[in-house]
Amino acid sequence: MVMVCKQHLTKGLELLPVPHVKKMPAQTKKTCSFCGKQAELKLFLLLSVREKISFNLIHS
């Protein structure tokens, strides 16, 4: 477990072996989904086939 403040969230995430968080290059043209500022991290789901089917059924 790593305890962090908001300012050090990125550093904390980089320490953990989480495949669904990746730091983006500084020159990226992508924007934050919430505020429209330049995106710094990419968050994504890695679902197994079984989980994906369940997820799709729930959200259909």
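The structure displayed is predicted, hence computed values, not measured ones. Values below: every heavy atom of this structure, side chains too, minus hydrogens, waters and symmetry copies.
Pairs of residues two or more places apart, or lying in two chains, that qualify as salt bridge (charged side-chain N to carboxylate O under 4.0 Å, His left out) and include a residue from residues 23-41 are Glu14-Lys23.
Under a hydrophobic clustering in which Ile, Leu, Val, Met, Phe, Trp and Tyr are joined whenever their side-chain heavy atoms come within less than 4.5 Å, directly or via other members, Leu9 and Leu43 fall into the same cluster.
For the atom pair Gln38 CD and Gln27 CD, the distance stands at 8.5 Å (nearest 0.5 Å). Taken from CG in Leu41 to NZ in Lys22, the straight-line distance is 12.5 Å, to the nearest 0.5 Å.
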